[in-house]
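See below for the structure under consideration.
Order of appearance sets the numbers: ligands from 1, and atoms from 1 within every ligand. The chain is numbered in sequence order, starting from 1. Predicted, not measured: the structure shown is a model, and the values here were computed from it.
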Amino acid sequence: MKIAVAKGDGIGPEIMDAVLKIFEANKVPLEYELVEMGKWVFDKGFSNGMTPEAQHTIENLGILFKGPMETPKGKGVKSVNVTARKTWNTYANKRVFQTLHGVDTVFSKAGIPIDITVVRENIEDTYGGIEHMLTHDVALSRRFITRPGSLQVIKYAFEMAKKKGTRRITCGHKANIMKITDGLFLECFYEVAKEYPDLKADDVIVDDLCMKLVTRPDAFDVVVLTNLQGDIVSDLCAGLVGGLGFAPSANIGDHICIFEAVHGTAPDIAGKNIANPTALLLSGIAMLRHLGLMENAAIIENSLLYTLEQGTRTGDFGDKNKTALNTTQFSEAIIGNFGKKPEQGVKELLPNMPVTQTVFKLEKNPMMISKEMENEKIVGVDMFIESAEQPDVIAKKCQRHAGVKFNLINISNRGTQVWPTGSIYTNLVNQYNVRFESLDGSALNQQDVLGLYVSLSGDFKICSSELLNMWGDKRAYSLAQGQ
Ligand code: NAD
């Protein structure tokens with residue numbers, strides 16, 4: 001069985017070599033094909049951070065085991081880590097945070113066990129990186145949350161939770177504020193929950209979730225979140241179990257999966273052979289299980305847990321009175337402990353299983369549609385205009401352009417209504433949202449909107465616009481604060 005390996009930048013090659021040495025010593029039946037990805041590939045002129053050969057190899061093999069990779073700063077290029085996850089639709093980012101005996105934390109000292117799996121949506125959200133400067137003062141990020149994308153990751157989380165024998169699955173969100181985007185994610189969560197009546201499914205607002213995670217981490221099992229919130233919450237969970245050195249991650253897709261540590265390239269310690277390889281090793285162990293190599297996974301994990309229990313450590317954790325090992329010595333200690341079992345959390349030796357093949361040739365890009373739209377009508381448009389004038393001046397101008405089809409409904413600035421009512425204490429920036437709706441709620445067509453666009457552009461620069469849709473009697477757009 002062959003997998004693709006990218007060693008990465010910074011501490012990447014050091015920790016990857018350490019992990020592959022452990023695999024080799026355990027006779028893990030895998031072959032590795034090294035692929036070119038990372039900062040040095042950007043530097044060679046490949047704008048997505050990987051060579052076409054690397055892409056071809058990964059798409060043929062289906063599994064990528066990768067070290068952390070640096071995104072060159074200030075060059076306008078996108079992170080190769082995010083590009084890889086998005087290009088191959090590894091929609092679920094699974095991160096497991098468990099108390100490790102020997103890695104002391106405030107919770108382990110208090111006898112509070114932690115076993116939290118964070119499933120983070122991996123493709124959408126602000127990680128689309130679709131951003132524009134609307135004026136010299138105003139930046140806009142588009143946040144995509146889709147129904148099929150949300151269903152994909154949430155179904156994965158429920159299925160995984162069921163297999164794991166979880167008590168509870170929790171959706172973290174901010175649907176009280178982002179009613180349409182996070183509201184859609186939450187709606188999908190409860191839609192999927194109906195198919196799993198034996199699992200206790202609930203939701204917590206993400207800020208409250210953070211507070212609860214640091215006060216009662218043992219109350220949570222599986223937590224599923226959108227991309228950015230999931231990223232932040234999972235680093236918080238890494239802190240609960242001893243830091244980034246202990247946080248593995250699997251990016252799961254239907255065809256291609258990527259296994260990597262949560263941490264980055266640690267430029268401050270790169271090249272010194274002192275990095276902690278545990279997070280990458282735990283990611284590798286998860287990969288072995290994913291591939292059905294249960295016995296190898298259990299032997300290596302038992303040995304890692306035993307090694308940690310003995311107080312063996314790299315410089316980033318553990319009892320400072322004990323000498324810290326370097327990366328190579330730490331991996332050699334794990335190899336030396338093969339066959340030994342930890343006092344706590346011992347893994348059962350299950351036989352290796354046949355590999356389930358997931359890579360197969362696709363004829364075209366999969367199109368995901370989860371719901372056909374019916375009964376849709378355009379009832380208005382939001383025009384985002386550049387102006388440094390006062391709201392009542394803008395309103396007078398806009399009313400002239402409304403014509404016989406549109407009503408000027410309201411004007412808002414940074415999401416707060418400033419006309420027809422508002423407060424003189426609301427600070428303004430030079431970019432307004434002017435909302436027009438059809439005169440009597442009747443249906444408009446795109447030509448009507450274009451007519452308004454042309455007319456309004458005589459007075460203002462229109463930075464962007466959004467149609468206001470009704471689906472039956474459901475409004476498919478948000479109201480301004482104060483509207
Ligand atoms: P980082 O995770 O690299 O480092 C944060 C801190 O944790 C540093 O003090 C570092 O020394 C320490 N640390 C991290 N991993 C460690 C390990 N295995 N052993 C011991 N200490 C460790 O985060 P950063 O400094 O914000 O990012 C550095 C670079 O990594 C950036 O270019 C960033 O884009 C990239 N990055 C890549 C990934 C990825 O490849 N998936 C993830 C995060 C960051």
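Ser249 pairs with exactly one of Asn93, Val96, Leu282 by the side chain to side chain contact (heavy atoms under 4.5 Å, CB included) rule, that one being Asn93.
Closest protein heavy atom to atom 37 (C) of ligand 1: Met69 O, 3.3 Å. Protein heavy atom closest to atom 15 (N) of ligand 1, with residue, atom name and distance, is His263 CG, 3.2 Å. Nearest non-hydrogen protein atom to atom 1 (P) of ligand 1 is Gly264 N, 3.5 Å. In terms of protein heavy atoms, atom 4 (O) of ligand 1 is closest to Ala266 CA, 4.2 Å. Of the protein's heavy atoms, Asp268 OD1, 3.4 Å lies nearest to atom 10 (C) of ligand 1.
Within the 4.0 angstrom cut-off, atom 35 (C) of ligand 1 has one or more protein heavy-atom neighbours. Protein non-hydrogen atoms do not reach within 4.0 Å of atom 27 (O) of ligand 1. Less than 4.0 angstrom separates atom 24 (P) of ligand 1 from none of the non-hydrogen atoms of the protein. Counting protein heavy atoms under 4.0 angstrom from atom 40 (O) of ligand 1 gives one or more.
Near Leu244, meaning under 4.0 Å from any of its heavy atoms, are these atoms of ligand 1: 2 (O). With ligand atoms numbered from 1 in the order given, ligand 1 contributes 32 (O) to contacts under 4.0 Å with heavy atoms of Thr71. Those atoms of ligand 1 that come under 4.0 Å of a heavy atom in Ile269, given as number and element, are 11 (O), 20 (C), 21 (N). Below 4.0 Å from some heavy atom of Ile11 lie the following atoms of ligand 1, by number and element: 17 (C), 18 (N). Within the listing of ligand 1, atoms 32 (O) sit less than 4.0 angstrom from a heavy atom of Glu70. Listed by number with element, the atoms of ligand 1 under 4.0 angstrom from any heavy atom of Glu260 are 41 (N). Those atoms of ligand 1 with a heavy atom of Pro267 less than 4.0 angstrom away are 28 (C).
Looking at Ile274, Thr314, Asp235, Asn276 and measuring to atom 19 (N) of ligand 1, the nearest heavy atom belongs to Asn276. When the heavy atoms of Ile258, Val80, Asp9, Thr265 are ranked by distance to atom 31 (C) of ligand 1, first place goes to Thr265.
Using a non-hydrogen distance threshold of 4.0 Å, Arg85 registers as a contact of ligand 1. A heavy-atom separation below 4.0 Å is not found between Ile15 and ligand 1. Heavy-atom distances between Lys66 and ligand 1 reach below 4.0 Å in at least one pair.
Between the side chains of Ser234 and Arg95, a donor-acceptor pair is found at a separation under 3.5 Å. Side-chain polar atoms of Glu124 and Tyr91 form no donor-acceptor pair below 3.5 angstrom. Under 3.5 Å, the side chains of Thr126 and Arg143 contain no donor-acceptor pair of N or O atoms. Thr135 and Asn430 form a side-chain donor-acceptor contact under 3.5 Å, judged by distance and modelled atom types alone.
What you find for Ala6 and Met69 is that their closest heavy atoms are CB-CE, 3.4 Å. In plain terms, the two heavy atoms of Asp125 and Gln229 that are nearest each other are OD2-N, 4.5 Å.
Because its NZ or CZ atom is both nearer than 6.0 Å to the ring centre of Tyr127 and within 45° of the ring axis, Arg120 counts as a cation-pi partner of that residue. The side-chain tip of Arg168 points at the ring of Phe220 from less than 6.0 angstrom away and within 45° of straight on.
Looking at Asp218, its side chain never comes within 3.5 Å of a backbone N or O of Pro113 through a donor-acceptor pair. Of the possible donor and acceptor atoms, one in the side chain of Asn337 sits under 3.5 Å from a partner among the backbone N and O of Ala333.
Between Asp115 and Lys164 there is a salt bridge, with a side-chain nitrogen of the basic residue lying less than 4.0 Å from a carboxylate oxygen of the acidic one.
Phe317 and Phe246 have their aromatic ring centers within a separation under 6.0 angstrom.
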